[in-house]
Amino acid sequence: MDQQQRQWELNRLNFEGRWQGRSHWYLRSGALDWRSPSRVIDDTCYDIQFSDRDHGSWDGRGLLFAPEGRRRLALSRTGYNSGGNCWQFSGAGGQSSRQVDPTAERFGHELNVFAGRARSMLVLLWGQHPSAERCGWSLDAIGAVGFRCTHATQQDPARPQQSPDDLLKDLEGWPGERECYPHEQLTPCEPFAAEQFAIHPLTATFVDGLICSVPEWLPEGAFRLHIGCRTGADAFQQIDLVFDAHQQLELCERRLYRRSQIQP
């Protein structure tokens, strides 16, 4: 199976379901306050169905940026990822701007982490502000949603929200494995280290175990985006998006950390 076909299959496995949750949006109004949401949408729902192995539909409501909060899309194997912005792992997937494009209005990412019938989504949107006192790209919106699939016979409970320091301290030293898009081979990686995750002043936690460490203002050269989710007491997934000196996406990597069964 070639790469495009495998990515479509992972997309089906990851996203099929009727995902419902409360959206928390943190929007820039002068400054960006990532501690208190400026907008909460109580009923956000993504209904994603596949009529056969090659076709499906995406029906979303409670969307912040769509007209009247609603959008519908047809899905197909032949048309999947025609723009090259989507990426999938087994248990994580999303879409990313592949470069910082000065002709575009936004530089954005949607990242989803799955655990059973739970889906944790983080959206990060930077906007270009050439007339601002500090010229460049600023992080203008963060969206965080803890989705649960309404088709599940039993709903996963809500996850507690920890402070960044507490969450990262709990993970210290956990052994891990890594894989790089589009390959699926897991290889051992170094144990989790908080200082290697929290590389930006903006290191914040959100609902459903979500955490990120990202630049509030994009630098001129290379940079990294770190996004993670504590999906359980003993499990943490991390997505790293690495942009090179030309601000093009060089690496999309997932790391899986689990608490060691051998306690010190």
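On a predicted model such as this, the values are computed, not experimentally measured, just so you know.
- By the rule that hydrophobic residues join a cluster once side-chain heavy atoms approach within less than 4.5 Å of another member, Leu202 and Phe197 end up as members of separate clusters.
- Cation-pi check for Arg12 over Phe50 is met; the charged atom lies under 6.0 angstrom from the ring centroid and within 45 degrees of its normal.
- Ring to ring, Phe223 and Trp137 are not that close: their centroids are 6.0 angstrom or more apart.
- The backbone N or O of Arg22 lies less than 3.5 Å from a partner atom in the side chain of His24, making a donor-acceptor pair.
- The CD1 atom of Ile227 sits 10.0 Å away from atom CG of Leu210, with the distance rounded to the nearest 0.5 Å.
- Salt-bridge annotation for Asp234 and Arg258: absent, with no side-chain N of the basic residue lying under 4.0 Å from a carboxylate O of the acidic one.
- There is a side-chain donor-acceptor pair under 3.5 Å between Gln162 and Asp170.
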Next on the checklist: side chain to side chain donor-acceptor pair (under 3.5 Å), that's the test. Do His55 and Ser76 meet it? Break it down for me.
Outcome noted: CA-CA 4 Å; His55 303 89; Ser76 71; 5.8 Å; no

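- Phe107 and Trp126 have their aromatic ring centers within a separation under 6.0 angstrom.
- Taking hydrophobic clusters as Ile, Leu, Val, Met, Phe, Trp and Tyr residues chained together by side-chain heavy-atom distances below 4.5 Å, Val214 does not share a cluster with Val113.
- Screening Asp43, Thr44, Ile41 against Arg61 for a side chain to side chain contact (heavy atoms under 4.5 Å, CB included) leaves a single residue, Asp43.
- Between Trp19 and the choices Tyr46, Phe114, Phe147, the ring pair (Phe, Tyr, Trp, His ring centres under 6.0 Å) rule is met once, by Phe114.
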Next on the checklist: Run Gln237 and Arg254 through side chain to side chain donor-acceptor pair (under 3.5 Å) and show every step you take.
Outcome noted: CA-CA 7 Å; Gln237 288 199 46; Arg254 181 175 72 145; 3.0 Å; yes

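- Using a 4.5 Å heavy-atom threshold, the side chains of His246 and Gln99 count as separate.
- In this structure, CZ in Arg98 is found 9.0 Å from CD in Gln248, a value given to the nearest 0.5 Å.
- The six-membered or imidazole ring of Tyr26 lies away from that of Trp34, with a centre-to-centre distance of 6.0 Å or more.
- Counting heavy atoms from C-beta on, the side chains of Ile48 and Leu75 come closer than 4.5 Å.
- A cation-pi geometry, defined here as NZ or CZ lying under 6.0 Å from the six-membered ring centre and within 45° of its normal, does not hold between Arg35 and Phe206.
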Checklist entry - Can you list the steps and then say if Glu9 with Tyr80 is a side chain to side chain donor-acceptor pair (under 3.5 Å)? => result CA-CA 10 Å; Glu9 293 297 333; Tyr80 174 70; over 6 Å; no

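- The pair Arg70-Asp59 meets the salt-bridge criterion, since a charged nitrogen lies less than 4.0 angstrom from a carboxylate oxygen.
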Item to check | Steps toward side chain to side chain donor-acceptor pair (under 3.5 Å) verdict (Asp165, Ser163) | outcome: CA-CA 5 Å; Asp165 288 344; Ser163 71; 5.6 Å; no

